[in-house]
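Encoded as structure tokens, the structure appears first; notes follow it.
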Amino acid sequence: MSRSQAIARAADYLDSGGFRADLARRVAFRTESQAPEQHAALARYLTEELLPSAAGLGFSGRVIDNPVAGHGPFLIARRVENADLPTVLTYGHGDVVRGYDAQWRAPLDPWSIVVEGDRWYGRGTADNKGQHTINLGALASVLAVRDGRLGFNVTLLLETGEEVGSPGLHALCASRREELAADVLIASDGPRVSAERPTVFLGSRGSVNFSLALRLREGGHHSGNWGGLLANPAAILAHAIASMVSQRGVVLVDGLRPPPVPDAVRHALADISVGGDVGDPAIDEGWGEPGLTSAERVFGWNTLEVLALKAGNPEHPVNAIPPSAIAHCQLRFVVGTDWMHIGEHLRSHLDARGLAMIEVDVEQGNAATRLSPDDPWVAWAVASLERTTGKKPALLPNLGGTLPNDAFAEVLGLPTIWIPHSYPACSQHAAGEHLLGSVAREGLQLMAGLFWDLGEGAPARARKGA
């Protein structure tokens with residue numbers, strides 16, 4: 001009975017075909033949370049697939065209706081060995097984005113696994129069915145080697161609405177705090193910094209979308225007869241955007257800028273490089289906040305992006321001054337940003353520049369979270385991964401993207417450790433989504449090592465009451 005045996009068993013789970021069989025069965029569920037007609041598939045994924053799988057590992061659980069009507073359910077399953085042992089909350093999501101079946105090249109199919117070299121294609125392989133399948137497989141490996149014991153307690157939380165903004169997740173966590181109480185969240189989603197480097201991240205950037213619209217009149221008017229007399233909403237809106245983000249991508253609205261990068265964050269990012277994998281885009285030098293490294297711009301700073309911009313009919317332009325223009329924008333932000341007042345900051349910025357006629361509509365956003373890199377759980381997790389792989393893991397204070405981590409960090413008050421098993425070029429929301437077999441195999445090994453280490457004892461000062 002040893003750590004190395006648990007790691008070897010986890011690798012054999014993939015090598016023997018067991019992992020592929022389990023993942024193929026899960027990918028076959030068309031759990032498209034963006035498609036109302038697939039709502040029943042979300043429930044079936046939990047009741048027919050995940051609940052029996054968890055029961056086979058000694059979990060007892062149930063499927064719970066979403067507190068937000070019209071959205072997919074949740075699964076809560078618990079495995080309690082002893083109330084005095086540390087408890088891990090682990091999370092995943094069973095829903096995927098739309099399959100876009102017709103966009104996949106032959107012989108690929110979003111609802112089955114097709115293996116080509118190191119790439120395992122299928123919708124959900126990277127986001128998130130492959131990732132929670134890895135974690136369940138690692139738990140099974142430790143249980144098998146430790147004679148049916150883990151040495152800690154586990155609560156499994158699966159949602160089926162992450163791809164539509166996790167409706168109901170925060171309400172569920174608030175109403176079931178006692179049932180979901182734990183010492184730490186250990187979960188997997190998002191990508192590593194690169195395929196070759198194991199990664200730990202401690203939270204995520206926040207995200208809030210907003211639109212800017214200018215509607216000046218009904219209908220277009222001939223640009224020859226009325227040009228020079230009628231204000232052009234596209235030109236005005238372009239100037240408004242240019243006042244908010246520079247031609248080099250620098251955020252110019254004071255209220256949308258973050259505080260300086262903390263020293264602990266800067267230190268953690270010192271050896272992180274962004275990009276370089278096959279399929280990654282080339283980084284545009286000189287774009288973004290000056291004086292920062294590429295890693296600091298993605299993981300330690302705010303970005304303001306224009307996602308879509310329209311005036312008139314771009315597909316079939318006519319010689320007319322358009323009556324209106326609209327831009328859909330997004331702010332990705334780190335901890336410390338005054339994002340709850342983004343509408344006020346935008347309104348004040350535009351009004352001060354004579355642009356009071358532009359309408360601002362802010363959508364509901366997601367908070368930024370970041371566990372301190374100095375937390376005892378962080379050093380423990382990084383040391384475990386390095387012991388297993390012999391590689392120095394990348395430590396990210398937060399993911400560049402957005403996850404519902406605030407439900408765990410703020411509502412439940414947990415330290416949050418995320419260990420992703422995907423990589424940046426996985427095409428997670430596109431046709432051709434895939435995971436890498438090599439990353440999945442290493443993920444199984446490092447999670448088996450991590451769970452084994454937790455069974456040997458939680459890090460000092462990290463357990464409740466210590």
Side-chain angles (χ1 to χ4, degrees), residues 1-14 18-19 22 49-62 75-92 131-158 178-188 198 200 376-389 408 412 414-419 421 440-466:
M1 186 174 74
S2 69
R3 185 180 195 271
S4 60
Q5 287 176 311
I7 292 170
R9 190 178 183 94
D12 184 65
Y13 172 51
L14 186 139
F19 174 78
D22 287 344
E49 178 58 37
L50 266 296
L51 190 58
S53 296
L57 299 178
F59 286 79
S60 60
R62 64 196 187 283
L75 168 66
I76 298 179
R78 303 179 70 198
R79 189 182 193 282
V80 180
E81 293 187 358
N82 189 307
D84 293 330
L85 292 173
T87 298
V88 170
L89 174 65
T90 190
Y91 158 88
Q131 302 216 39
H132 60 251
T133 298
I134 287 171
N135 291 351
L136 291 173
L139 286 170
S141 298
V142 174
L143 279 168
V145 173
R146 205 173 244 149
D147 298 327
R149 291 185 61 258
L150 291 173
F152 57 93
N153 308 315
V154 186
T155 300
L156 171 64
L157 172 62
L158 261 293
E178 185 173 344
E179 189 174 359
L180 297 172
D183 294 276
V184 65
L185 172 87
I186 299 178
S188 301
V200 176
W377 279 106
V378 178
W380 172 84
V382 169
S384 176
L385 268 59
E386 186 167 6
R387 181 183 176 192
T388 299
T389 63
F408 315 117
L412 296 178
L414 301 179
T416 55
I417 304 291
W418 294 82
I419 303 170
H421 308 312
R441 189 177 192 273
E442 186 175 70
L444 283 160
Q445 292 174 302
L446 62 86
M447 294 306 292
L450 188 87
F451 291 141
W452 182 275
D453 292 342
L454 185 55
E456 298 293 297
R461 301 183 305 281
R463 290 180 59 182
K464 293 191 293 287

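Side chains of Phe152 and Asp183 form no contact here, defined as non-hydrogen atoms less than 4.5 Å apart. Trp452 has its side chain out of reach of Ile7: every pair of non-hydrogen atoms, C-beta onward, lies at least 4.5 Å apart. Between Met447 and Ile186 the shortest side-chain heavy-atom distance falls below 4.5 Å. Here the side chains of Phe408 and Leu180 are not in contact, with every heavy-atom distance at 4.5 Å or above. Within the 4.5 Å cutoff, no side-chain heavy atoms of Arg78 are placed close to those of Thr87. Inter-residue side-chain proximity for Ser384 and Arg3 is flagged as met; some heavy-atom pair is nearer than 4.5 Å. Residues Thr416 and Trp377 have side chains not in contact (no heavy-atom distance under 4.5 Å, counting atoms from C-beta outward).
No donor-acceptor contact under 3.5 angstrom links the side chains of Asp22 and Thr133, judged on distance only.
Pairing each heavy atom of Pro376 with each of Pro459, the nearest pair is O-CB, 3.9 Å. Among all heavy-atom pairs drawn from Leu414 and Ala182, the shortest one is CD2-O, 3.1 Å. When all heavy atoms of Thr388 and Leu446 are compared, the closest pair comes out as CG2-CA, 3.7 Å. Between Ala448 and Ala6, the shortest heavy-atom distance links the atoms CB-O, 3.8 Å. Nearest approach of Gly137 to Tyr13, heavy atoms of both residues: CA-CE2, 3.7 Å. Of all heavy-atom pairs between Ala440 and Leu14, the closest is CB-CD1, 3.8 Å.
For the atom pair CG (Asn153) and CZ (Phe59), the distance works out to 10.0 Å, reported to the nearest 0.5 Å. Of the inter-residue distances, the one linking Gln445 atom CD with Ile134 atom CD1 reads 11.0 Å to the nearest 0.5 angstrom. Between atom CG of residue Leu185 and atom CD1 of residue Ile417 there is a gap of 8.5 Å, rounded to the nearest 0.5 Å. Atom-to-atom distance recorded for Ile419:CD1 and Leu450:CG is 4.5 Å, nearest 0.5 angstrom. Note that CG of Asp453 is 5.5 Å distant from CZ of Arg387, once rounded to the nearest 0.5 Å. A distance of 10.0 Å separates CZ of Arg146 from OG of Ser2, quoted to the nearest 0.5 Å.
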Subject >> Worked check of salt bridge (charged side-chain N to carboxylate O under 4.0 Å, His left out) between Glu179 and Arg62 >> reply: CA-CA 12 Å; Glu179 189 174 359; Arg62 64 196 187 283; 2.9 Å; yes
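Without hydrogens or angle criteria, Arg79 side chain to Leu57 main chain gives a donor-acceptor distance under 3.5 Å. Between the side chain of Gln131 and the main chain of His421, a donor-acceptor pair closer than 3.5 Å is present. Side chain of Glu81 to main chain of Arg149: no donor-acceptor pair is present (N/O by atom type, distance under 3.5 Å, no hydrogens or angles). Remark: side-chain polar atoms of Glu386 are not paired, donor with acceptor, to backbone N or O of Val382 under 3.5 angstrom.
Below 30°, between 30° and 60°, or above 60°: for Tyr91 and Trp418 the angle between ring planes is above 60°, a perpendicular geometry.
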